[in-house]
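Worksheet for the structure shown next.
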Amino acid sequence: MDIDDLIDAVIDREGGYSDHRADRGGATRWGVTEAVARASGYRGDMRAYPREDAVAIYRRLYWIRPRFDGVASRAPLIAAELFDTGVNMGPAVAAAFLQRALNALNRGASDYPDVALDGRIGPKTLAALDGFIARRGSGGEAVLLKAIEALQGERYVALAESRPASEAFLYGWLANRIG
């Protein structure tokens, strides 16, 4: 899948307009919150928010800015997961999941050095990913993906535990966002 396919999949999953009372994000269209749309210059009613504006936001804020495109050239399945997780939880959270998983899988820094858990994909995180792939081969991507999804699942459960209103979304998060 390329970024256009990933964006289409997110938009299809997120659907059209929503304003669920339990969703702290408030009004959304195509999965883009009103706050993000406003920060990007949109001033109209969210019910009329253009799909092409959502596509541009997804590409800029959730693919290029967090450097998930750099991950895609190395590990496309990981990049797809980071993009989807970033849309749902924020790109910094997704990047931190990758960093945590890479650090936990480097066998005490013997395969490659630990990276800072700063939620940013930079040269050191990409070098760690390269080191992981070099050490673990093509099958390693699937294991790394499982580790990232485990972290994501734990965060969803913790969100539902800490905020009962989020329980309304837990089943869908687990069913549609993991695996």
Side-chain angles (χ1 to χ4, degrees), residues 1 3 5-40 42 44-51 53-63 65-68 71 75-105 116-121 125 141-179:
M1 286 189 141
I3 186 55
D5 295 329
L6 294 173
I7 291 170
D8 286 343
V10 164
I11 287 175
D12 288 348
R13 186 172 36 260
E14 292 292 340
Y17 177 79
S18 175
D19 194 6
H20 194 286
R21 62 180 163 73
D23 186 348
R24 286 195 235 187
T28 66
R29 178 146 169 113
W30 314 120
V32 175
T33 65
E34 186 170 11
V36 170
R38 299 281 183 248
S40 296
Y42 182 71
D45 185 324
M46 284 304 290
R47 287 175 186 84
Y49 185 65
R51 186 182 192 284
D53 288 6
V55 168
I57 282 175
Y58 283 132
R59 184 178 313 281
R60 186 178 85 250
L61 298 182
Y62 297 92
W63 186 251
R65 182 180 291 170
R67 299 197 57 201
F68 296 156
V71 174
L77 296 176
I78 300 301
E81 181 61 36
L82 295 176
F83 171 74
D84 187 65
T85 301
V87 166
N88 193 247
M89 296 182 173
V93 171
F97 287 167
L98 172 63
Q99 292 167 333
R100 286 181 63 196
L102 286 168
N103 286 349
L105 290 166
L117 300 178
D118 61 8
R120 295 183 310 208
I121 304 294
T125 300
E141 187 175 4
V143 172
L144 184 58
L145 181 61
K146 286 180 184 183
I148 292 167
E149 289 175 340
L151 292 168
Q152 181 183 14
E154 190 284 326
R155 183 171 172 110
Y156 286 137
V157 171
L159 286 170
E161 289 173 336
S162 68
R163 184 174 177 262
S166 292
E167 289 181 8
F169 307 110
L170 182 60
Y171 185 90
W173 288 336
L174 295 173
N176 299 316
R177 294 286 183 177
I178 298 177

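Residues Met89 and Phe97 have side chains in contact (heavy-atom distance under 4.5 Å, counting atoms from C-beta outward). Counting only heavy atoms from C-beta outward, the side chains of Arg120 and Thr125 never approach each other to under 4.5 Å. Residues Phe83 and Val10 have side chains in contact (heavy-atom distance under 4.5 Å, counting atoms from C-beta outward). At least one side-chain heavy atom of Tyr156 sits under 4.5 Å from a side-chain heavy atom of Asn88. Two residues are said to be in side-chain contact when any heavy atoms from C-beta on lie closer than 4.5 Å; Leu6 and Asp84 fail this criterion.
Between atom CG of residue Leu151 and atom NZ of residue Lys146 there is a gap of 14.5 Å, rounded to the nearest 0.5 Å. Atoms OH and CG, on Tyr17 and Asp45 in that order, are 6.5 Å from each other to the nearest 0.5 Å. Rounding to the nearest 0.5 Å gives a distance of 10.5 Å between CD1 of Ile178 and CH2 of Trp173. Put simply, CG on Leu144 and CG on Leu98 are 6.0 Å apart, with the number rounded to the nearest 0.5 Å.
The shortest heavy-atom contact between Leu170 and Ala160 is CD2-CB, 3.8 Å. Taking both residues in full, the closest heavy atoms of Tyr42 and Pro50 are given as CE1-CD, 3.7 Å, listed atom of the first, atom of the second, then distance. Across every non-hydrogen atom of Ile121 and Ala95, the tightest pair is CD1-CB, 3.8 Å. Among all heavy-atom pairs drawn from Arg51 and Asp8, the shortest one is NH2-OD1, 3.0 Å. In terms of heavy-atom proximity, Ala54 sits nearest to Ile11 at CB-CD1, 4.4 Å. In terms of heavy-atom proximity, Pro91 sits nearest to Leu61 at CG-O, 3.6 Å.
A donor-acceptor distance shorter than 3.5 angstrom exists from the side chain of Glu141 to the backbone of Leu77, with no hydrogens or angles considered.
Listed by chain and number, the residues in a salt bridge (Lys or Arg N to Asp or Glu O under 4.0 Å) with Arg100 amount to none (sequence neighbours excluded). Take Arg60 and apply the salt bridge (Lys or Arg N to Asp or Glu O under 4.0 Å) test, not counting sequence neighbours, and it matches no residue. In this view, Tyr62 and Tyr58 satisfy the ring-ring contact (aromatic ring centres under 6.0 Å, His included) rule, not counting sequence neighbours. For Arg59, the salt bridge (Lys or Arg N to Asp or Glu O under 4.0 Å) test picks out Asp4, with sequence neighbours left out. In this view, Glu149 satisfies the salt bridge (Lys or Arg N to Asp or Glu O under 4.0 Å) rule with no residue, not counting sequence neighbours.
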Which pairs would a plain distance check flag for residues 28-35, meaning a side-chain donor or acceptor within less than 3.5 Å of a matching protein atom at least two apart in sequence or in another chain?
{"from": "Arg29", "atom 1": "NE", "to": "Arg47", "atom 2": "O", "distance (Å)": "3.4"}
{"from": "Arg29", "atom 1": "NE", "to": "Tyr49", "atom 2": "O", "distance (Å)": "3.1"}
{"from": "Arg29", "atom 1": "NH1", "to": "Arg47", "atom 2": "O", "distance (Å)": "3.2"}
{"from": "Trp30", "atom 1": "NE1", "to": "Tyr49", "atom 2": "O", "distance (Å)": "2.9"}
{"from": "Thr33", "atom 1": "OG1", "to": "Val36", "atom 2": "N", "distance (Å)": "3.2"}
{"from": "Glu34", "atom 1": "OE2", "to": "Arg38", "atom 2": "NH2", "distance (Å)": "2.7"}

